[in-house]
Number of protein chains: 2
Amino acid sequence: MTSTTTTTTAREPVTRARAIQAAVALADADGIESLSMRKLARDLGVEAMSLYYHVKSKDDILDGMIESVIDEMALPAADAEWKSALGERAESARRVLGRHPWAISMVDQRTTPTTMRHLDTVIGCLRHAGFSIAMAAHAMSLLDSYVHGFALQEASLPLDESGDIGATTEDILAQQGMTAAFPHLAEMGVELILQPGYAYGNEFAFGLRVILDGLEAAFTAEARSRA
Amino acid sequence: MTSTTTTTTAREPVTRARAIQAAVALADADGIESLSMRKLARDLGVEAMSLYYHVKSKDDILDGMIESVIDEMALPAADAEWKSALGERAESARRVLGRHPWAISMVDQRTTPTTMRHLDTVIGCLRHAGFSIAMAAHAMSLLDSYVHGFALQEASLPLDESGDIGATTEDILAQQGMTAAFPHLAEMGVELILQPGYAYGNEFAFGLRVILDGLEAAFTAEARSRA
DNA sequence: ATACATACCTTACATCGTATGGTACTTTCT
DNA sequence: AGAAAGTACCATACGATGTAAGGTATGTAT
């Protein structure tokens with residue numbers, strides 16, 4: 001049944017790619033803090049030390065995990081219209097980071113060819129649209145800060161197991177002296193967050209709009225002053 | 001010399017506050033990943049398990065550390081002019097998170113009375129200025145996302161020990177095939193980042209301006225439509 | 001004098017990343 | 001054919017980690 005004479009379905013051989021893929025799955029399911037070489041090895045049907053044949057270190061795995069996350073993000077075409085291109089990239093990045101919250105505080109830290117390729121393409125799109133180098137840097141800094149920061153906030157919402165924020169919000173509001181001590185927070189909880197249909201994720205669109213419009217204004221002002 | 005009969009300068013007794021303060025200092029100096037109960041105890045002149053008399057767990061220490069970081073941030077007066085108040089709070093938060101980079105990905109996760117007090121005050125300032133609840137939520141989400149995201153990016157810059165980004169940028173640019181593979185990134189490195197006087201921190205002001213102006217426009221539009 | 005609270009310590013356990021040094025099996029070379 | 005080298009795995013061990021369990025000294029209160 002398992003492995004006879006010829007190569008049958010014994011166990012997929014471990015590879016760097018398979019290890020990284022399994023590590024991403026483990027981190028998605030149980031959180032990054034519970035990703036250990038031993039657990040990862042077990043998932044791959046192997047002992048911990050065997051991983052080191054395919055991978056330099058745990059850090060190496062983390063690098064690979066970030067690369068795979070970056071690769072999930074939509075990259076705009078170099079000649080795309082800049083505003084919609086940046087908007088779609090931002091939405092895509094937010095969705096991807098929502099799927100892999102453990103990656104949020106790591107994407108900026110780990111510089112790999114994949115992340116550089118990504119950055120280079122976005123800068124290229126802006127330059128192609130006529131942005132100066134300085135304005136392109138402004139735009140990237142602003143937009144990426146917003147996207148990563150929003151993902152960070154969204155990932156730390158006290159959601160219950162069904163992904164709803166209502167129940168935990170009610171719990172917090174029900175605490176003794178809560179509404180007296182924090183009246184504005186309580187008001188926002190009752191009048192906004194607990195309203196049917198409210199989802200924090202919807203806040204993303206507002207900020208994205210503000211930022212893109214602001215960038216457009218700054219860009220056209222720059223173009224006009226150059227003429 | 002050390003401790004004779006009467007109480008002399010033997011050792012300050014450990015308290016929760018002193019433990020937290022020492023933990024912050026340790027994390028600032030060596031990074032959060034090297035903060036352990038044993039090292040912290042050593043810094044306090046005590047054994048690891050003695051800390052548990054003053055503190056519930058390591059997690060309890062982390063909560064206290066975040067509270068102390070939040071307390072470093074400037075809180076606007078409730079009746080302050082909203083735009084400058086939000087701007088000053090943002091600048092202050094960024095400075096504080098710059099001093100304690102380990103706190104960036106933790107501030108949103110740990111909800112303590114201190115953080116709620118902080119949030120409540122800022123919401124109060126906006127409501128006092130005439131913001132609707134929904135617009136106040138928009139403003140907070142946008143601004144805090146930006147500040148935290150920017151801090152995250154700033155904290156992960158490859159600075160050398162003197163805090164300069166130039167040397168490491170040069171190293172990266174000097175890598176084989178770098179300028180060919182990533183022309184726009186290389187251009188930005190040479191034409192912007194390596195220029196004398198450039199500091200990534202200065203990018204913060206641009207984004208903050210865009211966001212505050214955008215919020216003002218949205219706020220006045222909301223007020224007008226209500227009239 | 002007895003009791004209790006306070007502040008510390010010792011030991012021990014499970015878990016972590018990984019250094020070191022194996023063991024099999026397969027491919028390549030002569 | 002036999003020898004050598006390469007490939008993929010495993011067992012053991014070390015020094016770290018957080019903390020449970022159960023001491024041991026000093027108080028201070030009765």
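Source: prediction; values computed, not measured. Proteins get letters first, then strands, A, B, ... in listed order; numbering begins at 1 in each.
- Counting to the nearest Å, the P atom of D:dT17 and the NZ atom of A:K58 are 15 Å from each other.
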Tabulated below should be each protein N or O lying under 3.5 Å from an N or O of nucleotides 6-10 of chain D; please produce it.
unit_1, atom_1, unit_2, atom_2, d
D:dC9, OP1, A:R11, NH2, 2.6
D:dC9, OP2, A:H54, NE2, 2.6
D:dC10, OP2, A:E47, N, 2.6
D:dC10, OP2, A:S50, OG, 2.7

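- With hydrogens and angles disregarded, a donor-acceptor distance shorter than 3.5 Å links the side chain of B:S68 to the backbone of B:M65.
- Rounded to whole Å, atom P of D:dA11 lies 13 Å from atom CZ of A:R38.
- Residue A:K56 is out of contact with every strand shown, counting any heavy-atom pair closer than 4.0 Å.
- At the phosphate of C:dT15, neither OP1 nor OP2 sits under 4.0 Å from any side-chain N or O atom of A:S36.
- Rounded to whole angstrom, the span from the CG atom of A:D60 across to the C1' atom of C:dT18 amounts to 14 Å.
- Of the residues in residues 105-112 of chain B, not one comes within less than 4.0 Å of DNA chain C through any heavy atom.
- The backbone N or O of A:A181 lies less than 3.5 Å from a partner atom in the side chain of B:R117, making a donor-acceptor pair.
- At whole-Å resolution of the value, CE in B:M37 and P in C:dC8 are 13 Å apart.
- Among the protein residues, B:L51 comes within range of no part of the nucleic acid, since none of its heavy atoms lies under 4.0 Å from any strand.
- Within 4.0 Å (heavy atoms only), A:L35 reaches sugar-phosphate atoms of the nucleic acid but no base atom.
- A:Q195 places a side-chain N or O within donor-acceptor distance of the main-chain N or O of A:V190, the cut-off being under 3.5 Å.
- Checked for salt-bridge contact, B:D30 and B:K39 miss the test: no charged N lies under 4.0 Å from a carboxylate O.
- B:T115 pairs in a side-chain contact (heavy atoms from CB on, under 4.5 Å) with only one of the listed residues (B:I70, B:D108, B:D63, B:D71), which is B:I70.
- For DNA chain D, none of the residues of residues 20-31 of chain B falls under the heavy-atom distance limit of 4.0 Å.
- Heavy-atom neighbours of A:E33 CD from other residues, nucleotides or ligands within 6.0 Å: above the threshold of 12.
- D:dT17 atom P lies 19 Å from atom CD of A:E33, rounded to whole Å.
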